[in-house]
Amino acid sequence: MNNYGIDIWGDDNFIIDNDVVRLNYASKPSLIDIVKSIRKDGNTGPLILRFPHITQKQIDKLYLTFNDAIKEYKYNSNFYAVFPLKVNQLPNFILPTLKSSKDLNYGLEAGSKAELLQAMALNNLNAPITVNGFKDKEMITLGFIAKHQGHNITLIIEGLNELQTIIEVKSELNLPSPNIGLRLRLHSSGSGTWAKSGGINSKFGLSATEILDAFDMVKQNNLIGNLKMIHFHIGSSMSTISPLKKALKESGHIYVELKKMGAKYLDSINIGGGLAIEYSQMQKQNQYSLKEFASDVIFTLKEIALKNKVDEPNVFTESGRFISAQNSVLITPTLELYSSEYNKTSLRIKENNPPIIQEMYDLLNDITKENAKEFMHDSLEHLESILTLFGLGYVDLNDRSNAEVLTHLIIKKAINLIDVKNDKELKQLDDKIQEKYLLNFSIFQSLPDFWGIGQEFPIMPITHLDKKATRSANIWDITCDSDGEIPFDSSKPLYLHDVDLEKEDYFLGFFLVGAYQDILGMKHNLFSSPSQVNIVFEDGIMKKESFIKSQSIIDIFEDLDYNADYILDKLLNKTKDEKLKKILVNYINDNSYLKTINI
Ligand SMILES: Cc1ncc(COP(=O)(O)O)c(C=O)c1O
């Protein structure tokens with residue numbers, strides 16, 4: 001039976017038990033039971049399930065692995081970590097994450113003014129805050145206020161102008177400066193889709209010359225005591241470890257040089273994010289483990305420090321994807337199956353048919369293994385002719401439909417007679433004959449990285465797993481956009497079940513959607529984010545917590561800066577019928593996903 005690669009991407013968080021997917025934790029509830037219990041309250045659209053214990057597992061793993069490496073290599077400094085807010089700022093993710101990792105001193109990374117304010121409001125007080133991204137005077141002033149409030153904050157400068165602004169704000173406010181970090185523009189870049197975040201042409205960081213200039217400015221302005229960190233980020237989702245090794249050597253030597261130049265208080269290297277997780281359902285793509293990642297960091301920095309007789313730096317990470325991706329699962333109900341499979345009953349043969357139709361009928365009856373390709377080509381040519389004749393008004397819709405059905409049946413028969421795998425043309429045709437699964441969700445809202453950059457996410461049904469899935473599947477969302485589709489890809493084929501939706505429900509799970517998707521998602525066609533709930537366990541007992549209902553249509557109008565009352569007035573003024581008014585009010589106060597029958 002197909003296990004949809006769960007042993008490759010699942011990281012033991014989920015298991016298949018007979019016919020359903022279960023959470024591999026505590027009482028091992030099935031996802032379908034959780035979904036049913038939420039749908040029975042009328043929430044029939046897509047649903048995001050978050051599992052805070054999975055986030056906690058990732059955080060614990062990160063600290064444990066780095067601290068083990070520190071012990072193994074007798075490293076004389078410490079490991080720190082922050083969560084980059086841009087990866088997921090939502091309260092249902094951030095609040096439980098910060099609460100449960102308080103003892104580890106887990107902090108936050110901010111990349112904008114809004115994120116910095118969020119970090120200042122929510123971060124555990126002694127836990128670190130790092131600040132990346134382009135900063136104006138207001139953002140730097142916020143950094144000073146955070147320091148004044150007692151936060152352990154480091155402003156990581158992206159350019160010399162930011163350092164200049166720090167100097168200005170310091171003298172204007174006459175307050176102690178936050179820690180200063182220098183973002184390095186390394187020669188080494190990462191690997192994978194986001195490799196351009198690093199490298200000599202990257203958007204961010206200081207060149208070698210600028211680092212020297214920055215250090216001069218720090219010295220001249222009595223900020224030596226504040227220069228604490230150097231930082232690099234060579235790109236998200238690194239699939240191989242070698243770019244990191246190069247970056248560590250390069251940054252390690254910059255650290256040494258700065259120390260030798262007199263950066264006495266510089267004591268930390270922040271290695272950014274980039275730690276990958278496995279998304280593939282087919283075969284492992286990641287070429288390294290967390291253990292290898294941590295060992296390489298600690299070992300390389302130890303060696304450089306030892307050789308150059310400087311103190312070993314503290315290590316900071318800003319891993320986002322690794323911490324958050326696995327904690328969320330998007331569950332979508334199937335609304336409809338659109339089959340492109342015709343059978344003979346779809347034919348509407350008339351008493352008098354155009355001769356081409358009769359010929360096609362004969363092709364279908366006489367096709368054999370030997371003539372299959374020839375007959376298939378003939379049928380495609382006949383279909384072309386019928387379509388041309390239809391455009392000229394010489395055949396009717398009935399004839400056109402018959403030609404389409406017959407061509408389909410002839411191709412299907414040819415595919416059955418010939419070994420498709422060895423025939424490029426037939427394979428391409430076969431790939432086009434998919435079952436279309438219409439799902440109650442928006443790809444733009446829930447899987448923006450699939451739409452934007454073709455990011456793969458594990459997809460599988462959460463029930464029916466005791467039955468063979470035989471239908472090669474195309475996934476359609478409910479947006480009016482042809483990009484709202486996950487087409488069948490024969491290099492990583494998705495097979496789903498042949499279900500009768502009149503009699504049974506069929507839910508698909510999209511896994512590993514906890515990083516970036518929630519916040520990048522957009523309201524194309526005015527679909528809001530799905531309803532969401534945290535699944536937590538207390539003494540082994542499962543509880544649903546922090547349910548947030550999908551945003552209502554009226555709230556979406558407000559988000560678009562419409563005056564909601566004006567819209568409502570306009571709608572209601574156009575009818576005097578109280579019953580219809582009530583319907584309008586109900587609908588606009590609900591969400592825009594399609595309503596399905598409850599189970
Ligand atoms: C500066 C910085 N730190 C951390 C991250 C998080 O990276 P990841 O999600 O790959 O861990 C990013 C993401 O692009 C980043 O730009």
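When a ligand or atom number is given, it counts from 1 through the structure's own listing order.
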Any chance the rings of Y25 and F537 have centres within less than 6.0 Å? yes
- Message: Counting C-beta onward and ignoring hydrogens, is there a side-chain heavy-atom pair between W9 and Q281 closer than 4.5 Å?
- Response: yes
*asked:* With respect to S236, determine whether any N or O atom, backbone or side chain, lies less than 3.5 Å from an N or O atom of ligand 1.
replied: yes
Hits for side-chain hydrogen bond (donor to acceptor under 3.5 Å, both in side chains) against N534, two or more places apart or cross-chain, chain-then-number order -> none
In ligand 1, the atoms that come under 4.0 Å of a heavy atom of R321 are 8 (P), 9 (O), 11 (O)
Output field: ring centroids Y279/F511 closer than 6.0 Å: no
Restricting to heavy atoms, the pick from G133, G320, P84, G235 nearest atom 11 (O) of ligand 1 would be G320
* Check the pair R50 / E545 against salt bridge (Lys or Arg N to Asp or Glu O under 4.0 Å), numbers first and verdict last. => CA-CA 10 Å; R50 294 184 207 281; E545 230 178 50; over 6 Å; no
Looking only at non-hydrogen atoms, the one of E109, E318, K86, R183 nearest atom 15 (C) of ligand 1 is K86
**OP:** Determine, using heavy atoms of A515 and all atoms of ligand 1, whether some pair is separated by less than 4.0 Å.
**Re:** no
- Task: State if F204 counts as touching ligand 1 under the rule of any non-hydrogen atom under 4.0 Å.
- Result: no
Contacts of E138 meeting side chain to side chain contact (heavy atoms under 4.5 Å, CB included) (sequence neighbours excluded), chain-then-number -> K113, D136
A student checking ligand 1 against Y516 at a 4.0 Å heavy-atom cut-off should list atoms 6 (C), 7 (O), 8 (P), 9 (O), 13 (C), 14 (O)
- Query: Is the gap between the ring centers of F457 and F510 under 6.0 Å?
  - Reply: no
Worksheet item: Any side-chain heavy atom of T332 sitting closer than 4.5 Å to one from F507?
Response: no
In ligand 1, the atoms that come under 4.0 Å of a heavy atom of S319 are 11 (O)
Quick note on ligand 1: atoms under 4.0 Å from a heavy atom of G274 include exactly 7 (O), 8 (P), 10 (O), 11 (O)
Note: ligand 1 atoms sitting under 4.0 Å from heavy atoms of S237 are 10 (O)
**N or O pair under 3.5 Å between H233 and ligand 1** = yes
